[in-house]
Protein chains: 2
Amino acid sequence: MAESVANGAANRGREVVRPGDDVDFRPLYKQIKDSIIQQLIGGDWRPGDKLPSEFELAARYGVSQGTVRKALDELTVQNLLVRQQGRGTFVATHNPHRALFHFFHLIGKDGSRQLPSSRVLSCATRRATREEEERLDLRPGNQVIQIDRIRDIGGLPTIVERISLSAKKFSGLVKISRDGLPNTLYELYEERYGITIYQAEEYLRAVAATEREAKLLGIRPGHPLQEIARLAMSIDRKPVEWRVSRCLTDRHHYVSLID
Amino acid sequence: MAESVANGAANRGREVVRPGDDVDFRPLYKQIKDSIIQQLIGGDWRPGDKLPSEFELAARYGVSQGTVRKALDELTVQNLLVRQQGRGTFVATHNPHRALFHFFHLIGKDGSRQLPSSRVLSCATRRATREEEERLDLRPGNQVIQIDRIRDIGGLPTIVERISLSAKKFSGLVKISRDGLPNTLYELYEERYGITIYQAEEYLRAVAATEREAKLLGIRPGHPLQEIARLAMSIDRKPVEWRVSRCLTDRHHYVSLID
DNA sequence: GAGTGGTCTAGACCACGCT
DNA sequence: GCGTGGTCTAGACCACTCT
């Protein structure tokens, strides 16, 4: 099994550079990490897939098991992989638990955690705004898919949300949406489009509710709302989704853990 | 140097439990980690101190260097230690850079990062409220020190802040405050009271400015403000500071990085 | 040059999941 | 029982800092 077969994994594997090449030398485990990330980006391994065992990878890359382990450990810390003793190492997948604890930060004042349900108000294609072009790294004139929805927590309307996606990347989504969109869109991105959301940046500020938002949320215009603008990115750090949520924080608050 | 001398470090070190004791066995590196954390909590090693070398620690604990290394690596990831090749391993300290990038999350709309300056409005002792008792884990009737201040970014008043501290833990602070409080309080807690802020939870919501806040920030009452309530904790995860900041987010927003 | 952390190896044994 | 990841060891060599 140690031969340099001509598949992507093994080829990239044998590119590891040993010291003595001196300039630009990176530790072996970092090179292996990069190589694995490239294979995740390239789709050689998809969410849920089982990776080769540590010994198998060590043989492919021509290093010791400990070196592979260090690479895998760091990738596990970064939530790219999941390791299970006795079973193996797997590519991380999106699931409701991760959606709730990793990507959804509104919790009840009493500490209760609950994913909101969603009602889609509209889903259509239109020309991108300047802001969307910048956020999503689109060319002028490109199209976006805009999803408007309202989200309920505990049966009460709490969030008004607008989601923007590159129409090119997500072609066919408007049609799909006619049969209903799932509550957790990131699973859809992963399964239907092979795009895994891996990290995000959220920008928060306080705003006053517009007429439309007030009507949808059953409050008065001008009522303070928590705006959460999120740029979600894939493994290769390319922007995928721009989402602006305006949340009623009378019964909930946004939680951020430092350290 | 391998003898079991009777100082705290070595004693605790020799408590490591090997397998065979079976029940409740924890990996050696975890036990070493715990032991080091206990010594940080106990003040045996204080911020800025240099730890013994890996070999020295390995000898004290009676394990191999690699096992100590794994403990130190994890503590470094947790920001408790800082390692420098060629110099040694040090207990992490609070510094302006950490204050700005780790604990302060308001950034300009243009992406600029800047620590606000502070003007203390008042600093006095009073009886704790019910909320403070709960947050700071105080007994009924305990006293708190309340610091009110206003913080400017780019010369413009942006944040109205109220800080509550246990009067018992921070005795003498009111007197110190007469000579002026530093802008970054966490350095003060560390240097004068030996209390290191290690982690925090922030709760965010949108609120309407009160009369008082409006006057201080030069806005109209009812204007939406970003409330950031922070519970800051020491290494032993005991609550230390309760801080409620109300921020004008017309020129700034709060940033949260996911992953 | 001495001392420190950073990387890498080779091999041992254990704990767990599967079948 | 076999294959997997998890822990631990002992020792090698490198890179960096300080003196």
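Lettering follows sequence order; numbering is per chain, from 1. As the structure is a computational prediction, the values presented were derived from the model and not from experiment.
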(message) Please determine whether a side-chain nitrogen or oxygen atom of A:Arg69 lies at a distance below 4.0 Å from atom OP1 or OP2 of D:dG6.
(response) yes

(request) Can you tell me the distance, in whole Å, between the CD atom of A:Gln65 and the P atom of D:dT7? (result) 12 Å

(message) Assess whether a salt bridge exists between A:Arg230 and A:Glu201, defined as any Lys/Arg side-chain N lying under 4.0 Å from an Asp/Glu carboxylate O.
(response) no

(message) Can you measure A:Arg26 atom CZ to C:dT7 atom P for me and round it to whole angstrom units?
(response) 11 Å

(message) Taking only side-chain N and O atoms of B:Thr67, does any of them lie within less than 4.0 angstrom of OP1 or OP2 on D:dT7?
(response) no

(message) What is the separation between atom CG on A:Leu28 and atom C1' on D:dA15, rounded to the nearest whole Å?
(response) 15 Å

(message) It should be established whether A:Arg87 places a side-chain nitrogen or oxygen under 4.0 Å from OP1 or OP2 of nucleotide D:dG5.
(response) no

(request) Ignoring backbone atoms, establish whether A:Arg83 has a side-chain N or O less than 4.0 Å from OP1 or OP2 of D:dG6. (result) yes

(message) Salt bridge or not between A:Arg98 and B:Asp259? Use side-chain N to carboxylate O under 4.0 Å.
(response) yes

(message) Quick test of your reading of the model: are B:Glu241 and B:Lys169 salt-bridged, counting only N-O distances below 4.0 Å?
(response) no

(message) When you measure from the side-chain N and O atoms of B:Tyr29 to the phosphate of D:dC8, is any distance below 4.0 Å, counting only OP1 and OP2?
(response) no

(request) Find the distance B:Gln85:CD to C:dC8:P and express it as a whole number of Å. (result) 12 Å

(message) Strictly below 4.0 Å: does B:Lys70 bring a side-chain N or O up to OP1 or OP2 of D:dT7?
(response) yes

(request) Indicate whether OP1 or OP2 belonging to C:dG5 is found under 4.0 Å from a side-chain N or O atom of B:Thr89. (result) yes

(request) Write down the distance between CD (B:Gln84) and P (D:dA15), rounded to a whole number of angstrom. (result) 19 Å

(message) I'd like to know if the side chain of A:Tyr254 pairs up with that of A:Glu202 as donor and acceptor (distance under 3.5 Å, no hydrogens or angles considered).
(response) yes

(request) Give the rounded distance in Å between these two atoms: CD of A:Glu56 and C1' of D:dC2. (result) 17 Å

(message) Using ring pair (Phe, Tyr, Trp, His ring centres under 6.0 Å), reason through B:Tyr189 and B:His94 one step at a time and then give a plain yes or no.
(response) CA-CA 10 Å; B:Tyr189 300 168; B:His94 274 281; 8.8 Å; no

(message) Rounded to whole Å, how long is the line connecting atom CG of B:Asp73 with atom C1' of C:dT7?
(response) 11 Å

(request) Please report, rounded to the nearest Å, how far the C1' atom of C:dC13 is from the CD atom of A:Glu54. (result) 15 Å

